[in-house]
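Hydrogens, waters and symmetry mates play no part in the numbers below; they use all other heavy atoms, side chains included. Atoms within each ligand, like the ligands themselves, are counted from 1 in listed order.
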Amino acid sequence: MKSRTLRRLRNTALSLLGCAAVVLAGQGAYMPVVSYADTQTDLAQQIADADAKIKDIEQQIASAGSSIEANEVQQDNYWNYLVATQAQIDLVNLDVAAKEQAILDKEAEIADVEQRIEDKELQISETERRIIDTEEQIARLDAENRENIRRFGQIIKAMYMTDSSNYLSVIAGAEDFYDIFVRSEILDNASKQNMKFMQKLLDDIHFQEDVKTELGNIKDQLEKDKDQLAKDKIALETERADLEDEKYALDEQVKYYNDLNAGYWSQYNTYSAKIQDLKDRQANLQYQKKITQADRDKAQAALEEEIRRAKERAKNNTVYDEGEWTWPLNPSFHLITTYFGYDSWRGGNHGGIDIGNSGIMGANVYASKGGEVLVAKTTYIPGYDYGMYIVIDHGNGYQTLYAHLSAIYVTVGQEVTKGECIGAVGSTGWSTGPHLHFEVRKDGSRIDPFSVVALPAV
Ligand SMILES: [Zn+2]
């Protein structure tokens, strides 16, 4: 009781200072975790909003999960295509390898035929050389024979002074028997020797000519063989060209399947990226859910604290003063610019009444009923919320709130009496001009102030 008296004394001093229009700058900043401006209704709404948001996030997570599954099915399809085409590629590659071996075999055959053609050409040139040798031999023998014939003729010419080498003409030229004898004997001898020699030469020539003919036959055969080999080579080259055409066709098949595979890979990777995006989205949603859950827990704790406080107040059942409520301003300030309830300009519910006569700036604000100061908020963000405001608890579940003030003359925990000056009208926070926003709450919910306080008579 003693402390209460002291507090009352101090409060009165402060009130006097306030009503002398002294602004208490730098008054202890009071920064509650959850603003007392949050009513139980607000907190319950916050919890319901958070629950709805969590439910929505969970649906989005489930939806992303379904999308992941659908994309994974698509991705599996492309994986199966990849496996199938790869099997096809492996198969065709086996064919290509076989074809390449066949081409190598064919090339070996061609090389063999070329070698044999080369051999034949060597044999042909060797045979030609021998033919030339034989022809030279024949020519030599022929020359020798001609020489013998010429010499024989000269012998006869010398002996008989005739230009005839004809045996009969030699005989016919004989003048007597001796002559005939001698001539015939000599002629006979000479002839015999010569004929024998010439016969040998002729035999040699004939032999060489036979050899030449034989060589010619051999050469003809070799040429025929060579021609055959050349034909064989052409046939082999045709076969090799066919094999290369077949290999080209197979290469084209491999190329086709590789292109197909590249397309499938691209699709597969596209789905991988989609799935990753969805998983990222899920992770992000999980994070959002966690944050929302934390906000919900905070609101839940605040609500429980509010309820606890309300119960405590109800238990104490502190009633600061009985009787009528008083108007929070000088009765001359009673122009209501916005009433309690739905307001089309704001597009929402108005939690109190706005009083905004001209000349109201700086006017004294009075406690509507006796009570204890719960909030005396001097810090604020310009353009937002209540600005500087006061909340007074009046007991019996009642509270009043005075917002957009330009000055505050009370402190938290201070007891005030009905009609006591607590601050000055201003335009702080979300306000378009000087006015007092006055709220009345009952058991944590905003109620129409006119249900407890009367508009002053003009
Ligand atoms: Zn208002």
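The shortest distance between side-chain heavy atoms of Thr338 and Ile353 does not fall below 4.5 Å. The shortest distance between side-chain heavy atoms of Lys247 and Leu243 does not fall below 4.5 Å.
Taking 2.8 Å as the criterion, His437 counts as a coordinating residue of the Zn ion (ligand 1), since one of its N, O or S atoms falls below it. Coordination check, Glu439 versus the Zn ion (ligand 1): failed, since every N/O/S atom of the residue sits at 2.8 Å or beyond. The Zn ion (ligand 1) has an N, O or S atom of His350 inside 2.8 Å of it.
The minimum distance between the Zn ion (ligand 1) and any N, O or S atom of Asp354 involves atom OD1.
At most 12 heavy atoms of other shown residues, nucleotides or ligands fall within 6.0 angstrom of atom CD in Glu324.
Remark: the Lys377 side chain and the Thr379 side chain contain an N/O donor-acceptor pair separated by less than 3.5 Å.
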